[in-house]
Amino acid sequence: MGLQTTAIHAGESKEGGAIATPIHRSSTYELGEPETFDDIRYIRLNNTPSQRAVEEKLGAIEGGSALVLPSGTAAIWVAFATYIRPGSVVLAPKRVYGGTRKILDDMQARHQFEVRYVDLADPTSWDATNASAFYCESLSNPWLEVGALDKLVEFSKAHGLVSIVDNTLLTPVHFRPLAFGFDVVLHSASKHLNGHSDLVAGVLGATATKIREARILANRYGVCPDPQMCFLLARGIKTLPLRVRAQTESARALAKLLSEHPRVESVSHPEFGAPTTRARTADFFDGPGTMVTFAPKGEGSAKRVIAALKLPVEAPSLGGLESLVTRPITTSHAGIPAALREEMGVREEWIRVSVGVEDCEDILTDFAQALEHA
Ligand code: PLP
């Protein structure tokens, strides 16, 4: 089955003839004669019907099993706590989403593991000494760069590391990490997977054995999603391919407009950025995604352009129906000390655009007029 068919039909119970799978709000279920601990159904044990339904859908989409968690941040934390051996080293990119950087630094400060920050583009610099895991983003937020993911998978297999990838920006529409060779994929499902900017959720995808390990840990520490959120997420996923394909086309058109615009200093987009990113995008992915990061020319110009935009709101998320803009220094990388931000290469004048499903012409017209104020 194709991705769009799977997104619609997988995990739908059709109980009582219902086309839309109902929400099961009950927090607990009649015990009966449980054979194992897993048969005890309770929301905190991550096993009640609304969660199972959305996990079946996500498992089918990812090509493995899935665990839904209360946020993307929770998915990252649960992945680290489950798959990085205590006291070992995790390799992670220098250029990574700010929230992830904070979790890594925090867990390191609590002596749970050591982080070795690496350049994802330079496999010759990677050192696996005492390492147990390798973490990365398939498309980095907000640089929109693509690392040597094929080499990362090879390196991880050769050194017995668990390879973990955050695929939030690309989504399964453009990249299937488990088929590519990664051990674990994760998402902030608050973004494209749900796609309607009305919930916060996360997901892990991996083999059934690996997901079971993560589920046991999540159960133990009380990390569990609400049934209402599971229902909404399953509903959102049904249109994932339709939305993402439309957004991708508009993002490509916007990147082209920006790259040819005299008032634009730089543009990052997987098909318009550095040659290595362009080549890897063509080799690894089925498309470049829905995001564009750019810098207008001149000091203070980012703020002026954002103020002049009529359609996109400035807000700290991505992947919804509506176009959104942010300045990474005030959102995804706020709270990271300025010197470290500088070292990570997060620029002052950057505007990150999450391209929505509005009519493409309207989006382009709006950016063209706003750039007149740069
Ligand atoms: N991963 C990436 C790439 C993100 O951009 C974000 C949030 O912006 C997260 C993870 C965290 O997700 P959440 O906000 O659902 O906790």
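Whatever order the structure lists ligands and atoms in, that order sets their numbers, starting from 1. This chain uses plain numbering: 1 for the first residue, then up along the sequence.
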Examine Val173 and Leu178 and state if one hydrophobic cluster contains both, with Ile, Leu, Val, Met, Phe, Trp and Tyr joined whenever side-chain heavy atoms are less than 4.5 Å apart.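 No, no single cluster joins them.
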Can you pull out the closest protein heavy atom to [atom]? Residue, atom name and distance to 0.1 Å, please.
{"atom": "atom 2 (C) of ligand 1", "answer": "Asp166 OD2, 3.5 Å"}
{"atom": "atom 9 (C) of ligand 1", "answer": "Tyr97 CE2, 3.4 Å"}
{"atom": "atom 5 (O) of ligand 1", "answer": "Asn141 ND2, 2.9 Å"}
{"atom": "atom 11 (C) of ligand 1", "answer": "Thr73 OG1, 3.6 Å"}

Check: [X] side chain, [Y] main-chain N or O, donor-acceptor pair, under 3.5 Å:
{"X": "His192", "Y": "Pro241", "result": "no"}
{"X": "Trp77", "Y": "Gly72", "result": "no"}
{"X": "Glu137", "Y": "Tyr97", "result": "yes"}
{"X": "Ser65", "Y": "Gly59", "result": "no"}
{"X": "Gln51", "Y": "Val68", "result": "yes"}
{"X": "Ser163", "Y": "Asp183", "result": "yes"}

Does ligand 1 have a heavy atom under 4.0 Å from the side chain of Ala189, from its backbone, from both, or from neither?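 For Ala189, there is no contact with ligand 1 at all, from either part.
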contact_flag Lys191 ligand 1 heavy-atom lt 4.0 Å: yes
Hey, is ligand 1 close enough to [X] that some N/O pair sits below 3.5 Å?
{"X": "Ser188", "result": "yes"}
{"X": "Ser190", "result": "yes"}
{"X": "Val200", "result": "no"}
{"X": "Thr100", "result": "no"}

Can you sort out which atoms of ligand 1 are near Ile76, meaning under 4.0 Å from one of its heavy atoms?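 It comes down to these atoms of ligand 1: 10 (C).
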Give the atoms of ligand 1, by number and element, whose distance to some non-hydrogen atom of Ala201 is under 4.0 Å.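 Taking each heavy atom of Ala201 in turn, ligand 1 has 15 (O) under 4.0 Å.
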Listed partners of Asn130 passing side-chain hydrogen bond (donor to acceptor under 3.5 Å, both in side chains), at least two apart: none
